[in-house]
Amino acid sequence: MLFNSFAFLLFFPIVTIFFFILSHKVRWLFLLLASCFFYMFFKPEYILILAFTIVVDYFAGIIIASTENVKKKKKFLIVSLVANISVLGFFKYYNFINYNIVDAAAYFGYEIEVPLLTMLLPIGLSFHTFQAMSYTIEVYRGNQPAERHFGIYALYVMFFPQLVAGPIERPQNLLPQFHEKKVFNPDLAVSGLKLMAWGLFKKLVIADRLSLMVDQVYNSPENYRGLNIVIATLFFAEQIYCDFSGYSDIAIGSARVLGFDLMKNFRNPYLSKSISEFWSRWHISLSTWFKDYLYIPLGGNRVSVPRWMFNLLITFLVSGFWHGANWTFIIWGGLNGIFIMGEIFIDKKRNTFSIPTIIKRSTTVILICVTWIFFRVNTLKDAGTVFRNIFSNSQTFAFDLTQFLLAVLLIIGLEIIQFMDEKNNVMSKIKTLPYLIKIPIYAVFLTVLLNFGIFNNSQFIYFQF
Amino acid sequence: MKQILIKAALIITLAILLNLFLYSAIYTRLLPYSWGSNELLDKREFLRRNAAKYNSLFIGSSKTHNQIHPQIFDEKARENGLDIRSYNCGVGGLTPLESLHIYENLLLHDSLSFKYVFIELDWIATIKVENLNSVRSFYWLTPRNYNFSISSILNSTVPIMRSAWGLFHYSLNYGENLMNIGKVHEYFKYKNFVANQKFLPSDSNIMYNGYIPMSHKMNSTEYSLYSEVVGSARLAVRNYPDLVDQHLSQPYLDRLQHIISISKQRGIITFFIVPLQWKYYQYEQLIPIINKIKGARTICLFDIDRYANIYQVDNFADPNHLNEKGAKLYTEEIFNQFLKLYGK
């Protein structure tokens, strides 16, 4: 079920009402059933994949927690990780690996045929497998007791607000909340609803509008040159932010209405002064996942400089591969790693002069936009076309001028709000305004959302991961 | 909690008022009456630009669009000494209320006039599932059309679940229209369409007379659905005399009488075409209308045994639509019935 669908508009209030009407004892069951329904709305049979990993991880967690035998602990951690990674690998990377085997064989003059998977990637697979893996890892590390209640563990993996595109939660934050008795809190509910509305605004009004112009260029990059590609790339940077942070806002907001607190996933990333800062503000739940479970176990920065650089690069390459089974994503991840390595190198050399903040911010946005080109292109060949055409002679303006101006206006408006939000919380400022001003502001916002939104049930970009 | 609810009610009321203002003061001026379908916009614009070339009009769903061949109809007319130059304004999925909305506006807004108009009749409580929550399902739901659709459903005896479904969706779609859901984007789309359209026939795959044949061949599942259609049609014919008052939708009948009357004022003779339907309950609503309508010339084509040559399985492209060969026979039969009714 999509957050921006009519079905969710019916589903969510019904779930909220029944959740608070029901006794605490059965709420977990109700939420689990609601989450199953939410997930099965996409493709019912894929719930079996989730069921498989849930069963494996649940028992692995109990065994790991109940034994003192380190070897046995490790063995069951590996069982859990292999089960999760195998599922992810099979559904997400099987075709990619096979395509590459065929290509490599063809390069050496061999023609081989490999069977391909024709089924769609189970939605949100990368997200819930990572969340499941974080549970067994935390149990193994002794940071989290094993969850004995099977239903609650299943709910931890399947909780519908964050099931398909995160935030990727940690067991320490989410699991205890399912045991707490939730009481309806009107202030929390209002704040959650506001966040959901803001997320919908970012998705429907900004991201989906920008996607029209981005798709126009990136679906046939050979037809565009110069400024048109630059505009489409800048628009994509804003589109993916509004799309994904919009999704996260709706997820966090809907969980908040039900009384659950999910972790923040974005903190105005385009205001970052460096690429490394960008990654502490962008998709925070994934960045911290990689930091905690890959970068630090590899040694982090407490190793020799070459090894540190290697750790960084590996982490970003894996992160790229996590995003999609395509070389474009791997290059995207690698580029981010290289840029951060460059920053570290420059920082070590630069002791005598300081760079103005505006330069730092602009440079960061430009570098991030370069990486987004690899993220957005459909093929590696398209990336070559984009980089070739971006520097070639400009052509006539390719976009509808009114749509373009509207998009620019929306982006500027959003960035101003984000900038203000960085200093003072805009929402709490509005809250302090008198009713005569506050109520029309909300009514106008709602009207703008309805009138300017693009209601074509388009999927969120991160659903494909 | 009470305070929060009051605040929410105030915000929602204010937003509704704002949107109603935008709906009546802005969008009704910016968007034409046919804005929900590009095909319709195209056909309407073509008609407006070529008004002098045509003196007859077919309007309806895909059963008109893909089954009525104006060229064949016009040739038959010429053979019988009649000057008919017809245009097929059928569009896939056009609901009966949408057809009436378009036809009325062609007369009132575009001041088009014809000698003969053929309107396809269909039952009311239906919106194609693929069109639900799309502009296609609400652009034509003006306050008047909404009122009409609701009263038509309430005054009919279609199965309760179907009525409830119809009421729910018409109300939801009407709300979407009044609340201007996505209208700014639709306006841009419309502007873009107008700026880029070449108008028929130069760049369109629609033939100059608006007809598109269907060439698909039925598969085994479609064969069984075809049998269902045949069953419903046979049952309807058998019960034809009994289906009179008890299932009559008075608002639907009144609207059709209104159509006949405004057409008559402009010297247009109206014909209603009743094609095959999927379900028996569709006939339950349509047949009482056919039996009651005054001053109408009705061309009934749902007697599957009487028109066995048309409805042979080989003449179908899918269970609901005739292929090119079937369309030729269908058009010829419409002409034959037209000729019989012509003098009346």
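Below, chain A is the first sequence line, B the second, and so on; all start at residue 1. These numbers were taken from a predicted model, which means no experiment stands behind them.
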| query | Looking at K43(B) and E45(B), does any basic side-chain N land under 4.0 Å from a carboxylate oxygen? | reply |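 No, K43(B) and E45(B) are not salt-bridged.
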| request: Tell me yes or no: between the side chains of T64(B) and E120(B), is some donor less than 3.5 Å from an acceptor? | output: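 E120(B) and T64(B) do have a side-chain donor-acceptor pair below 3.5 Å.
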Heavy-atom proximity to chain B below 4.5 Å, by part of [X]:
X	answer
F445(A)	neither
L212(A)	side chain
V205(A)	neither
L446(A)	side chain
L406(A)	side chain

Heavy-atom distance under 4.5 Å to chain A: side chain of [X], backbone, both or neither?
X	result
Y27(B)	side chain
I16(B)	neither
I4(B)	side chain

Angle between ring planes, [X] versus [Y], binned at 30° and 60°: parallel, tilted or perpendicular?
X	Y	result
Y170(B)	W140(B)	perpendicular
F3(A)	F8(A)	tilted
F160(A)	F11(A)	perpendicular

| message | For the interface with chain A, which of K191(B), E186(B), K7(B), H185(B) has the highest count of heavy-atom pairs at distances below 4.5 Å? | response |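 Ranked by contacts with chain A, first place is H185(B).
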| query | How about H24(A): does its NE2 atom have over 12 heavy atoms from other parts shown lying under 6.0 Å from it? | reply |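 More than 12 within 6.0 Å, yes.
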| message | If I compare all heavy atoms of Y442(A) with all of K194(A), which pair ends up nearest, and what's the gap? | response |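 In this case the closest contact between Y442(A) and K194(A) is OH-NZ, 3.0 Å.
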